[in-house]
Amino acid sequence: MIKLGFMFSGQGSQYKGMGYLADRFKIAQCIFDQASDILGYDLLSVMNDSNPNVLQQTEYAQPAIFTYSYAWYQILKENYNIKPVCGAGHSLGEFTALTCSGVLSFDDALTLVNKRGQLMQQAAENSFGGMAAIKGLHRSIIEEVCSLLSKGDRLVQISNINTEDQIVISGENSKVRQASDKLAKLGGTVYPVHVSAPFHTPYMASANAQLLDILSQINFADGEWPVIGNVTAKPYVSLDDIRTGISHHMLHPVRWSDSMDWMLRQGVNTFIEIGPRSALRNMMKQTLPHIDAFSCEEHDNQIAELMSEYNQPKYVTLLSACLSTALLVPNRNNNREEYEYGALQPLKELSTLEAKSQEKKLKETDAEQRETLRLFQRIITTKKVDEDEIFDYFFQVSIKSAIPIKKLMQLMGGERL
């Protein structure tokens, strides 16, 4: 069974000629026109400009990538009625993910992204800080070196965890150089990142504060599917969570590798990168070559074949989802009496209810679903699941049953999992 996850491209994926999409799809032309009206300049001209340096500037690159990625999502949705289990975006791409999910309107999101690009461009022009990519060293070694070199307000720290083998550091220029030299001596391979700003560090506080002024004026809505936050590497579960996540976005590392790991642990087995090029898809395949991962630009035919299978009708009851998940939860409770009463007994109840449900073939009522969730929670609590794992198991139930996690929380009485 296909469990689909979306990955939305970040900055650096832009290239001259991206405007070809408007010639290929009418819906893309409409979206580009709408974006040009909001931005106050011809976005297609920027995408196709004969001077490639224009599109390399952050203030133009971010609106271009965002709009292009959003257009591709609408194309996929229009052609395949596609809906993922969840999605994530790399830095800038998180704003695209939130917009495609329906949390942000296109107009509001583009206004926010445009301002973000301008602020980050200004930070780059100050030439205060820089970034470098490190390969071949464990995260803990890089963290330790950065910590030892950071003194007072002269900092260097991890800013992007792309894979366990590809980590980016940011900070004050001299500290980035010192860290790069030290990490190279320890066996790492260091690559310069051609930006003149310490993105995703506390140095971006001033720019972040200005972005928050716009953020406070924007309305958020419930999304159609969960979005994994860069800061926490877990899905947002409320609109307040989203506001908090975005408010910390510029200041904290992009935990991309952790986000992908979380999606994989929930059973996501097929990924589509939405946006220019295929950097995220390639990172996934380099790390996990057995995973199905595609790029909307480069794998049109494969995605069409995939969607013919994906759109086959399927239905799994909440009972079946809870029962199958509960059986796989490891037991850490050595008290036999507690285990029999709190885990084995409700497992038998779920099994009996599931058998009766299959016989009736009727849709479960809210009351029946509440009882199912109560039994499921009793089982995993008795098995002494770690507190931070509880949400993950409920999310697995959400994926299997196709019931949004927010609906499950409402059935549970609105409590946080």
Side-chain angles (χ1 to χ4, degrees), residues 5-13 86-97 120 129-150 155-171 175-176 179-180 182-184 186-195 197-204 208 227-236 244-246 248-266 268 271 273 275 277-289 291 293 388 392:
F6 283 167
M7 306 180 292
F8 292 89
S9 308
Q11 189 169 342
S13 59
C86 54
H90 191 286
S91 190
L92 162 70
E94 182 169 314
F95 293 87
T96 319
M120 294 177 79
M131 305 173 76
I134 317 297
K135 292 194 71 175
L137 289 175
H138 192 271
R139 187 191 310 190
S140 61
I141 296 174
I142 299 173
E143 286 176 338
E144 184 176 358
V145 168
C146 289
S147 177
L148 289 171
L149 290 173
S150 295
L155 307 174
V156 60
Q157 67 177 51
I158 289 175
S159 56
N160 290 57
I161 306 165
N162 291 329
T163 69
E164 285 303 314
D165 191 50
Q166 185 189 110
I167 292 173
V168 179
I169 60 173
S170 299
K175 294 298 180 181
V176 171
S180 297
K182 180 68 173 176
L183 293 167
L186 291 171
T189 304
V190 180
Y191 301 89
V193 176
H194 299 293
V195 297
F199 296 143
H200 293 291
T201 70
Y203 287 124
M204 299 301 294
N208 190 64
V227 172
I228 315 300
N230 283 179
V231 175
T232 62
K234 286 202 171 186
Y236 294 121
T244 301
I246 294 179
H248 293 157
H249 208 256
M250 277 192 183
L251 311 176
H252 292 267
V254 175
R255 295 175 58 189
W256 186 254
S257 177
D258 297 336
S259 299
M260 295 301 99
D261 286 347
W262 193 91
M263 291 169 74
L264 289 164
R265 289 198 305 272
Q266 309 318 307
V268 175
F271 294 81
E273 179 173 359
R277 303 194 189 275
S278 54
L280 301 179
R281 178 263 176 192
N282 292 342
M283 281 198 296
M284 174 67 73
K285 293 297 285 185
Q286 288 166 10
T287 307
L288 298 167
I291 291 292
D388 60 354
D392 292 358

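Heavy atoms only, all atoms of each residue included: L137 and L183 are closest at CD1-O, 3.4 Å.
The environment of K182 atom NZ is sparse: at most 12 non-hydrogen atoms of other residues, nucleotides or ligands sit within 6.0 angstrom. Within 6.0 Å of the CD atom in E164, the count of heavy atoms belonging to other residues, nucleotides or ligands exceeds 12.
At least one side-chain heavy atom of L288 sits under 4.5 Å from a side-chain heavy atom of L264. Within the 4.5 Å cutoff, no side-chain heavy atoms of T163 are placed close to those of Q286. The closest side-chain heavy-atom distance from F6 to V227 is not below 4.5 Å.
In this structure D261 satisfies the side chain to side chain donor-acceptor pair (under 3.5 Å) test with no other residue, sequence neighbours excluded. Judged as a side-chain contact (heavy atoms from CB on, under 4.5 Å), and not counting sequence neighbours, S147 has no contacts. For the ring pair (Phe, Tyr, Trp, His ring centres under 6.0 Å) test, no residue two or more places apart in sequence or in another chain qualifies with F199. In this view, E143 satisfies the salt bridge (Lys or Arg N to Asp or Glu O under 4.0 Å) rule with no residue, not counting sequence neighbours. By the side-chain contact (heavy atoms from CB on, under 4.5 Å) test, A133 pairs with V168, Y191, V193, sequence neighbours left out. Considering only residues two or more places apart in sequence or on other chains, H249 meets the ring pair (Phe, Tyr, Trp, His ring centres under 6.0 Å) condition with F95, H200. Taking S13 as the reference, nothing meets the side chain to side chain donor-acceptor pair (under 3.5 Å) condition, with sequence neighbours excluded. For the salt bridge (Lys or Arg N to Asp or Glu O under 4.0 Å) test, no residue two or more places apart in sequence or in another chain qualifies with K175. When the side chain to side chain donor-acceptor pair (under 3.5 Å) test is applied to S9, the partners found at least two apart in sequence or on another chain are E273. In terms of the ring pair (Phe, Tyr, Trp, His ring centres under 6.0 Å) criterion, H138 has no residue partners (sequence neighbours excluded). Residues satisfying the side chain to side chain donor-acceptor pair (under 3.5 Å) test with S259, not counting sequence neighbours, are none.
Between the side chain of N230 and the main chain of S91, a donor-acceptor pair closer than 3.5 Å is present. Between the side chain of N282 and the backbone N or O of S278 there is at least one donor-acceptor pair closer than 3.5 Å.
For residues 248-257, every residue pair satisfying the salt bridge (charged side-chain N to carboxylate O under 4.0 Å, His left out) rule, not counting sequence neighbours, is listed here: R255-D258.
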